[in-house]
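Just below is one structure, and these are the notes that go with it.
Because only heavy atoms are used, hydrogens play no part in the values below, and waters and symmetry mates are left out as well, while side chains stay in.
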Amino acid sequence: MLNIGGLNEGVVIDHIKAGGAMEIYNYLQLEKLDCSVAIIKNARSNKMGKKDIIKIEGPLRVNLDILGVLDENITVNIIRDNEIVEKRTLPLPETVTNIIKCKNPRCITSVEQELPHRFKLTDKKNRIYRCMYCEQKFTRRR
C-alpha cells in the first residue's frame, strides 16, 4: 500500500475523477510553486471506485472554487497544524474565464486569439455552460 505523509499546513484537493489530476495541476500552474506537490492517481475509493488526489504543502493563494467547473465531485480540505480546519465542496460559478475553451471554429475567439474564453452557466441542473460570444454549448463529461 502506498503511503504519502500528512501535511502540517496545506491544501488537499480530493475526490478528483480518476485521470483528472493533471488537468487541475496544469490549470493551477502548480509547477511554478516552490513547494511539495503530491499527485496520487487511481487511489481506491469506496464512493468513486477510483479517484485522484492532489496534496499541496503550504498555503495556496488561488481561487479553488473555479475547479467545480472541471470536476463536480472535487472537495477541498484546508490543513493547518496537522488538522483539517475547513472542508468544502465546490459550487458551480456563474461565469468562468479561460477555464474551458470554445470549440466553435466560427466563434470570434477562434479568430481573435487574444480574446478570453468566457462562459456563462445557463443550466445548473445539467451543468451546461454557453460561450458568451457565440452561445456554443459546453457540457462536462461525467
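Summarising the geometry of Asp52 relative to Lys41, their closest heavy-atom pair is OD1-CA, 3.2 Å, with the distance given to 0.1 Å. Of all heavy-atom pairs between Val12 and Lys55, the closest is CG2-CG, 4.0 Å. Considering all non-hydrogen atoms of both residues, Leu67 and Ile74 come closest at O-CD1, 3.9 Å. Closest non-hydrogen pair, Ile66 versus Pro93, comes out as CD1-CG, 3.7 Å. Shown here for Met22 and Ile39, the closest heavy-atom pair between the two residues is SD-CD1, 3.6 Å. Residue Asn42 comes nearest to Ala18 through the heavy atom pair OD1-CB, 3.5 Å, listed as atom of the first residue, atom of the second, then distance.
With contacts defined as side-chain heavy-atom distances shorter than 4.5 Å, the pair Asn77/Val11 does not qualify.
With sequence neighbours excluded, the residues that form a side-chain contact (heavy atoms from CB on, under 4.5 Å) with Glu112 are Ile108, Glu114, Leu115. With sequence neighbours left out, the side-chain hydrogen bond (donor to acceptor under 3.5 Å, both in side chains) criterion links Asp14 to Lys51. Not counting sequence neighbours, the partners of Gln136 by the side-chain contact (heavy atoms from CB on, under 4.5 Å) test are Cys102, Asn104, Cys131, Cys134. Applying the side-chain hydrogen bond (donor to acceptor under 3.5 Å, both in side chains) criterion to Thr122, with sequence neighbours excluded, gives no partner residue. Not counting sequence neighbours, the partners of His15 by the side-chain hydrogen bond (donor to acceptor under 3.5 Å, both in side chains) test are Thr75.
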- [ ] Before giving the answer on side chain to side chain contact (heavy atoms under 4.5 Å, CB included), spell out for Val37 and Glu57 the whole-Å C-alpha distance, their side-chain angles and the decisive distance to 0.1 Å.
- [x] CA-CA 6 Å; Val37 177; Glu57 184 179 56; over 6 Å; no
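The residue from Val69, Ile128, Val96 that alone fulfils the side-chain contact (heavy atoms from CB on, under 4.5 Å) condition with Phe119 is Val96.
Atoms CD1 and CG, from Ile79 and Asn8 in turn, are 10.0 Å apart once rounded to the nearest 0.5 Å. One finds the CZ atom of Phe138 at 12.0 Å from the NE2 atom of His117 (value rounded to the nearest 0.5 Å).
Sequence neighbours left out, the pairs with a member in residues 80-101 that pass side chain to side chain donor-acceptor pair (under 3.5 Å) are Asp65-Arg88, Glu86-Arg88.
Taking hydrophobic clusters as Ile, Leu, Val, Met, Phe, Trp and Tyr residues chained together by side-chain heavy-atom distances below 4.5 Å, Tyr25 shares a cluster with Ile100.
The number of heavy atoms from other shown groups lying within 6.0 Å of CZ (Arg118) does not exceed 12.
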